[in-house]
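I have placed the structure first, in the form of structure tokens, so that the comments after it can refer back to it.
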Amino acid sequence: MSTHETTQRERVRVFATGACEGFEKLRESLAGHPEVELVGASANVADGAAALAGGHLDAVLHATRSASLPADELAAIREHTRAPVLVVASSGSSRMLEEALDSEVADVLLLPQLVENVVFAIRKATHTTRQAHPAGGGRHGKIVTVFSPKGGTGKTVTATNLAAALAKFEQRKTLLLDLDLQFGDAAIMLGIEPEKTIYDLVVAPGELDTEKLAGYTTKHISGLDILPAPLRPEDAELVTEAKLGRLLEVARESYDCIVVDTSPFFHGPMLATLDRTDELLLLSSLDVPTLKNLRLALQTLELLSFPKQRIRIVLNRSNSKVGMKQNEVESALGMKVRFEVPSDRAVPLAVNRGKPVVLDEEGADVSRAIRSMAKNLFPVEEAAKKQRRLLPAFARS
Ligand SMILES: Nc1ncnc2c1ncn2[C@@H]1O[C@H](COP(=O)(O)OP(=O)(O)OP(=O)(O)O)[C@@H](O)[C@H]1O
Ligand SMILES: [Mg+2]
């Protein structure tokens, strides 16, 4: 394969766990391989939990000294990620290969192996997983998570308005998911009194699928569907990482966009969400405590191996005259501000009316800023643009 082709391909993100003879050498070779991004390694599964859950992995390589499949360790990995797992062993027996046939393990690699063979096996495993879980009806919704480590920065205002703008002005099938599980107020900001919440969905018996999900969402006048936070804070803990992971995967099959509102914490369900997040909107404002916490959050995201290119800094209340400039935010964070949302009296007015400002005051600067963010995050596909350009020509003929 030419280098050109190699650079065109996206590198597969792999995390390595466990140990066996020759595994360290293999890891070193993989770390230097152009098609692989070895995002991290841990000698045992528990130490790698955060990266496994939040690391956007394409595959996990798990090494074992045991002669049979390490069922407990594999189950522990499954608690954190759905990425395909390839087992690596130095003293494998035919028994392990036999066991692998009946298991969820994507492959068994007995060392020593040529690194190229290992890379091929990893690629094959990721490819097979994608084919086995095709996005239903051709959809593969994009997950946009709105986060800030500081309370009150405007997460819920941003998430509700972004979702409303996507549904109403971009004609996208949109789900707003309130993951501020204890004190979520996305529904109230939209003037909705929900009958069902995410809690009812996760405690309902039976497998979750797209039809079941549809039965628990509430439609807003903008066209978005909302799955609100539980009504009682104590119900939050039933929304486990595993349930949420499944929920997001099902939601992807029936929505173009899933906008997730969050609380200012990296709890289990948040890690499960990060693992599936395509765009992470990190909200900042022009104040020192928020910046301090954002820097810490960026460090945590790095520890979790969250891909930096998926982070977009949003500067809320960007026009506030508070003795701090946008470039100071950028140099403190070491990242450019991607979207600016001005402060506007129309926002609290709309919040108190239970209406998203993008609908309540379409012409306000804040509404324009959020609509442009929506457009930017979900650009009209080239094919659709082309079709639009061609339409007048057809009409003439
Ligand atoms: N751009 C803005 N202009 C004016 N007011 C704003 C703006 N953004 C947010 N606000 C106000 O700030 C308040 C807090 O915003 P919001 O509830 O979205 O923050 P949050 O980050 O979700 O807070 P929490 O961490 O408590 O969930 C809102 O009631 C809203 O009126
Ligand atoms: Mg909020």
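When a ligand or atom number is given, it counts from 1 through the structure's own listing order. The model shown is predicted, which means the values in this text are computed figures rather than measured ones.
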Distance-only polar pair, side chains of Thr210 and Ser254, donor-acceptor under 3.5 Å: no

Nearest candidate to atom 7 (C) of ligand 1, where distance is taken over non-hydrogen atoms, out of Val357, Ile188, Asn319, Val347: Val347

Where ligand 1 meets Asp180 - atom numbers and elements under 4.0 angstrom, heavy-atom basis: 27 (O)

Option whose closest heavy atom lies nearest to atom 20 (P) of ligand 1, chosen from Met189, Arg345, Lys155, Arg317: Lys155

From Asp261, Thr160, Thr158, Asn316 - option closest to atom 1 (N) of ligand 1 by heavy atom: Asn316

Any side-chain donor near an acceptor of the partner, Thr156 and Asp261, under 3.5 Å: yes

Under 3.5 Å side-chain donor-acceptor pair for Asn161 and Arg371: no

Taking every non-hydrogen atom, the tightest pair across Arg172 and Cys257: CB-SG, 3.4 Å

Residue selection (non-hydrogen contact nearest atom 3 (N) of ligand 1) among Asn352, Asp185, Ile370, Asp344: Asp344

Residues which pass side-chain hydrogen bond (donor to acceptor under 3.5 Å, both in side chains) with Asp344, listed by chain and number, not counting sequence neighbours: none

Close N or O approach (Pro342, ligand 1; < 3.5 Å): yes

Ligand-residue contact atoms, ligand 1 with Gly151, heavy atoms, under 4.0 Å: 25 (O)

Protein N/O/S count near the Mg ion (ligand 2) (criterion: distance under 2.8 Å): 1

Pairing residues for Glu170 by the side-chain hydrogen bond (donor to acceptor under 3.5 Å, both in side chains) criterion, not counting sequence neighbours: Lys375

With sequence neighbours excluded, residues passing side-chain hydrogen bond (donor to acceptor under 3.5 Å, both in side chains) with Thr17: His62

